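So the structure is just underneath, and the comments pick up after that.
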Amino acid sequence: MMQQKAQITSQQLRKAQLQVDRFAMKLEQSRNLENTIVHVDMDAFYAAVEMRDNPQLKDKPIAVGSVSMLSTSNYHARRFGVRAAMPGFIAKKLCPQLIIVPPNFDKYRAVSKEVKEILAEYDPNFMAMSLDEAYLNITQHLEERQNWPEDKRRYFIKTRNPVEIDLAEEERDTLREPEQPLSPLLFEDSPPDVQPSGNPAQQNFEEQNHPQALQNSVVFGTSAEEVVKEIRFRIEQKTTLTASAGIAPNTMLAKVCSDKNKPDGQYQILPNRQAVMDFIKDLPIRKVSGIGKVTEKMLKALGIVTCTDLYQQRALLSLLFSETSWQYFLHISLGLGSTNLERDGERKSMSVERTFSEISKAEEQYSLCQELCGELAQDLQKEGLKYLNILCIVLLSHILNMKEGF
DNA sequence: TACGCAAAA
DNA sequence: TCGTTTTTGCGTA
């Protein structure tokens with residue numbers, strides 16, 4: 001094979017540098033720090049719901065999913081290396097005591113709805129990314145909130161019924177088995193309680209004057225941090241589940257932030273350029289939504305691991321990648337991201353698929369196809385047929401063509 | 001415009 | 001860093 005003459009000359013690099021920097025300058029000038037974006041993420045959502053509704057599962061390693069795929073694991077199970085998007089049978093090897101609970105999507109949808117009702121109060125146009133994740137733009141809310149009286153920011157603490165606690169504990173005691181590990185423990189300690197504890201700004205517990213009425217109430221402040229504490233507080237009161245959150249001037253940063261103090265924590269990047277840059281500096285690019293394992297590998301091959309690396313190699317990247325790609329990279333390396341949440345268009349496609357073993361005769365393949373088509377047709381039916389029906393017809397004709405091939 | 005690949009949940 | 005499923009967006013041809 002002849003060697004590909006794909007050398008990049010220092011000439012080219014210098015030229016690219018100028019071009020990229022001109023673009024970076026533009027981006028910098030249009031940096032927008034006016035918005036307060038929040039990313040809310042329920043902690044180990046499916047697993048948490050299952051544990052809440054079945055105390056037997058408390059303090060046991062559990063995962064929600066099937067033998068072939070897990071969608072979530074609780075923090076107990078994570079200590080064994082059991083994580084979301086891992087096949088159940090692998091997880092069982094890592095943690096033989098793992099309890100795999102089949103998913104109850106209807107239930108998760110119901111809980112998700114409860115959470116969404118709260119979120120909507122802070123941003124009626126919030127964007128739900130899945131059942132357990134959402135972005136909010138609380139800029140407006142913050143504005144209005146500044147002159148809210150304390151009473152409008154006061155919430156009463158619903159303490160758990162002591163009888164319930166007793167029952168739960170009794171149950172736990174009687175069910176306690178000589179459990180425990182004969183399998184690799186990856187982390188010894190329990191999930192960090194990263195609560196920036198102490199008395200959060202204005203957690204006023206009125207005692208003296210109003211012994212009964214106001215005793216168990218909390219007043220939240222008017223800052224973004226307080227708003228998000230309030231949101232998380234309300235979520236926990238309403239659902240007995242905890243959420244983590246990130247606060248930042250754009251969605252890209254907010255998403256990374258929500259992961260920082262997980263579980264049951266929050267983190268804010270203050271809305272000034274320096275704070276953003278400090279946060280970005282050592283951030284591994286892999287943490288950014290949109291950078292997956294393949295992109296990570298490609299960039300790693302160029303010695304790029306952190307956002308600082310990404311910025312430093314911007315000229316080279318502009319020569320190696322497509323325009324959309326290098327501009328996306330540049331956005332990340334400058335800590336830029338989307339500052340508004342609108343647009344939630346209609347669905348663009350619908351599909352069904354199944355993985356099956358290699359041994360599979362032509363006839364079986366055909367009938368499987370037919371089965372999948374049936375399922376897809378049903379899905380289409382459910383969600384208002386509209387023009388999607390046309391797809392169904394196209395699909396059927398495809399199948400007929402396939403049959404010819406067999 | 002179809003198709004494959006990457007990514008996210 | 002495989003394994004599964006669904007949806008989306010990008011790049012290539």
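Basis for what follows: all heavy atoms, side chains included, without hydrogens, waters or symmetry-related copies. What you are looking at is a predicted structure, and each value in this text was computed from that prediction instead of being measured. To find a chain, count down the sequence lines: A is the first, B the second, and so on, and within it residues start at 1.
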Base, sugar-phosphate, or nothing for [X], non-hydrogen atoms under 4.0 angstrom?
{"X": "Ser71(A)", "value": "nothing"}
{"X": "Val67(A)", "value": "nothing"}
{"X": "Ala85(A)", "value": "base"}
{"X": "Ile291(A)", "value": "sugar-phosphate"}
{"X": "Ser66(A)", "value": "nothing"}

Taking only the side-chain heavy atoms of [X] (C-beta and beyond), determine which of [options] contains the nearest atom.
{"X": "Arg83(A)", "options": "dT1(C), dC2(C), dC10(C)", "answer": "dT1(C)"}
{"X": "Ile90(A)", "options": "dC2(C), dT4(C), dA8(B)", "answer": "dC2(C)"}
{"X": "Met86(A)", "options": "dG3(C), dC10(C), dA8(B)", "answer": "dG3(C)"}

Over how many whole Å does the gap from [X] atom [atom1] to [N] atom [atom2] extend?
{"X": "Met298(A)", "N": "dA6(B)", "atom1": "CE", "atom2": "P", "value": "8 Å"}
{"X": "Leu131(A)", "N": "dT6(C)", "atom1": "CG", "atom2": "P", "value": "15 Å"}
{"X": "Lys293(A)", "N": "dC2(C)", "atom1": "NZ", "atom2": "P", "value": "6 Å"}
{"X": "Gln327(A)", "N": "dC10(C)", "atom1": "CD", "atom2": "P", "value": "12 Å"}
{"X": "Met69(A)", "N": "dC2(C)", "atom1": "CE", "atom2": "C1'", "value": "14 Å"}
{"X": "Asp259(A)", "N": "dA8(B)", "atom1": "CG", "atom2": "C1'", "value": "13 Å"}
{"X": "Met129(A)", "N": "dT6(C)", "atom1": "CE", "atom2": "P", "value": "19 Å"}
{"X": "Leu94(A)", "N": "dT1(C)", "atom1": "CG", "atom2": "P", "value": "12 Å"}

- prompt: Any sub-3.5 Å donor-acceptor pair from Arg232(A)'s side-chain atoms to Ser244(A)'s backbone N or O?
  reply: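 Looks like no, no N/O pair under 3.5 Å.
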task: Map Arg286(A) and Ser68(A) onto DNA chain C by nearest heavy atom, then report which one ends up closer to the 5' terminus.
output: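 Final value for this comparison: Arg286(A).
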- prompt: Got a sec, which residues hit salt bridge (charged side-chain N to carboxylate O under 4.0 Å, His left out) with Lys238(A), two or more places apart in sequence or on another chain?
  reply: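 Lys238(A): salt bridge (charged side-chain N to carboxylate O under 4.0 Å, His left out) contacts with Glu117(A).
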query: DNA chain C in dot-bracket, Watson-Crick or G-U pairs under 3.5 Å, [ ] crossing, | other strand?
result: ....|||||||||
query: Just wondering, are more than 12 heavy atoms of other shown residues or ligands nearer than 6.0 Å to NZ in Lys287(A)?
result: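 Not more than 12 within 6.0 Å, no.
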- prompt: Can you tell me if NZ on Lys300(A) sees more than 12 non-hydrogen neighbours from other groups inside 6.0 Å?
  reply: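 Open: at most 12 neighbouring heavy atoms sit under 6.0 Å from NZ of Lys300(A).
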query: Taking the C1' atom of each, how far is dA6(B) from dT1(C), in whole Å?
result: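 Roughly 14 Å separates the two C1' atoms.
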Spacing of CD belonging to Gln140(A) relative to CG belonging to Asn35(A), to within rounding of 0.5 Å: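 Between Gln140(A) CD and Asn35(A) CG, I get 10.5 Å after rounding to 0.5 Å.
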message: Would you compute the distance between atom CZ of Phe321(A) and atom CZ of Phe329(A) and round it to the nearest 0.5 angstrom?
response: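 Rounded to the nearest 0.5 Å, the CZ-CZ separation comes out at 4.5 Å.
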field: Under the side-chain contact (heavy atoms from CB on, under 4.5 Å) test, residues paired with Glu323(A) that sit two or more places apart
entry: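 Glu323(A) satisfies side-chain contact (heavy atoms from CB on, under 4.5 Å) with Trp326(A), Gln327(A) once adjacent residues are dropped.
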query: What do the steps show when you test Val49(A) against Val64(A) for side-chain contact (heavy atoms from CB on, under 4.5 Å), and what is the final call?
result: CA-CA 10 Å; Val49(A) 172; Val64(A) 175; over 6 Å; no
